[in-house]
There are 2 protein chains.
Amino acid sequence: MKGDLSIREVAQATGLSAHTLRYYERIGLLSPVGRDAGGRRRFAARDLDWIAFLQRLRSMGMPIREMCEYAALRRDGDSTLAARRILLQKHFDRVRQEIALLEESANVLEAKIKLYGEMEEAASHFCHPE
Amino acid sequence: MKGDLSIREVAQATGLSAHTLRYYERIGLLSPVGRDAGGRRRFAARDLDWIAFLQRLRSMGMPIREMCEYAALRRDGDSTLAARRILLQKHFDRVRQEIALLEESANVLEAKIKLYGEMEEAASHFCHPE
DNA sequence: CTCCTGCTTTGAGTGCGCTCTAAGTCAAGC
DNA sequence: GCTTGACTTAGAGCGCACTCAAAGCAGGAG
């Protein structure tokens, strides 16, 4: 079927390894992927969107466990919309907090780096006055 | 000596566990801590600042390995100022990039959450028209 | 003196998220 | 038919950052 992808193609398209894709299916992040006559996986084109979303969640630090919860809810259909929204919202809040924390720390670090620069300046003047 | 702290006190002050403090010393994040007659650790008050800085670096996702490098440079004195600055700068850049990435993802997620909200709205109108 | 608590050490165990190995299957190319 | 190479599976292994266990000692309370 057109739009059908081998695990290799999906790996290349997503940047995940074939190992990881199998692992994701095993733990339920991906619903069981179709197989060809030889038992090889054939991904649907729209699986790519889902995988991209999974990558987005991972990049935001959502633990695999929670992503599995989300995936399970998704499989249960429209009746889980609210539950899914709540799950995402919870993580969204954590991410916003994490961003704020990182930003504060980054500012402190930046100040420290600047200080180091000044200390190096001073040291070089001390060694080579004028 | 005044300003001398037991491992328990340092744990409480920093939020790290006593286990973790011993671990940090073992791997060289903390230079060897003084002991009392009974072999028990006695932290100096200024160790707290260093530990706080370590926590800052950890919270920014610096790997322990790099923190050890930094700690080793620090022990080698003023001649390593530039090397330390470079190490921090490298991590600072990574953090800024990570923040940008998180922010972008958070925005995408926010949009998705909003969409979920609208879908729930629409569904409830469908079930209870007018 | 005995008991208890809190520390000491070395080294093993844990949870996470992959990552890889081993052994086997299948389809294509020579 | 045989080889090659990409795939399959179940399950083991890895790197990180802790976290805990076991065995033992030091000092204080009773």
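Chain letters run A, B, ... following the sequence lines, proteins first and then strands; every chain starts at 1. A quick note: this is a predicted structure, and the numbers were derived from the prediction, not measured.
Going from atom CZ of Arg65(B) over to atom C1' of dC18(D) covers 16 Å, rounded to whole Å. For the pair His19(A) NE2 and dA6(D) C1', the interatomic distance rounds to 12 Å; values are reported in whole Å. Rounded to whole Å, the distance from CG on Leu5(A) to C1' on dC7(D) is 16 Å. One can place CG of Leu30(A) at 12 Å from P of dC18(C), the figure rounded to the nearest angstrom. Rounded to whole Å, atom P of dG13(C) lies 17 Å from atom OH of Tyr23(B). When rounded to the nearest whole Å, the span between CZ of Arg40(B) and P of dC7(C) equals 8 Å. Spacing between atom CD of Glu25(B) and atom P of dC18(D) amounts to 16 Å, rounded to whole angstrom units. The interatomic distance linking Arg42(B) (CZ) with dG6(C) (P) rounds to 15 Å, in whole Å.
Under the 4.5 Å side-chain criterion, counting only non-hydrogen atoms from C-beta, Leu30(A) is not in contact with Asp47(A).
Arg41(B) comes within 4.0 angstrom of sugar-phosphate atoms only, judged by non-hydrogen atoms across all strands, and of no base.
Contact annotation: Tyr24(A) does not reach the phosphate of dG17(C) (side-chain N/O to OP1 or OP2, under 4.0 Å). Distances shorter than 4.0 Å separate none of the side-chain N or O atoms of Arg8(B) from OP1 or OP2 on dG6(C). The side chain of Arg35(A) contributes an N or O atom lying less than 4.0 Å from OP1 or OP2 of dT9(D). The side chain of Arg58(B) places an N or O atom within less than 4.0 Å of a non-bridging phosphate oxygen (OP1 or OP2) of dC18(D).
A continuous path of ILVMFWY side-chain contacts below 4.5 Å connects Leu73(A) to Ile27(A), so both sit in one hydrophobic cluster.
Each of Leu16(A) and Arg22(B) was assigned the nucleotide of DNA chain C with the nearest heavy atom; the assignment lying further toward the 5' end belongs to Arg22(B). Judged by closest nucleotide on DNA chain D, Glu9(A) is the one of Arg26(A) and Glu9(A) placed further toward the 5' end. In terms of position on DNA chain D, the residue among Ile64(B) and Gly39(B) whose nearest nucleotide sits closer to the 5' end is Ile64(B).
Checking Gln89(B) against Asp93(B) by side-chain atom types alone, a donor-acceptor pair falls below 3.5 Å.
Closest to the side chain of Ser6(A), from the set dC7(D), dC20(D), dC18(D), is dC7(D).
A salt bridge is defined here as a Lys NZ or Arg NE, NH1 or NH2 lying under 4.0 Å from an Asp or Glu carboxylate O, and Arg58(A) with Glu66(A) fails to meet this definition.
Note: Phe53(A) and Tyr70(A) have tilted aromatic rings, judged against thresholds of 30 and 60 degrees for the angle between ring planes.
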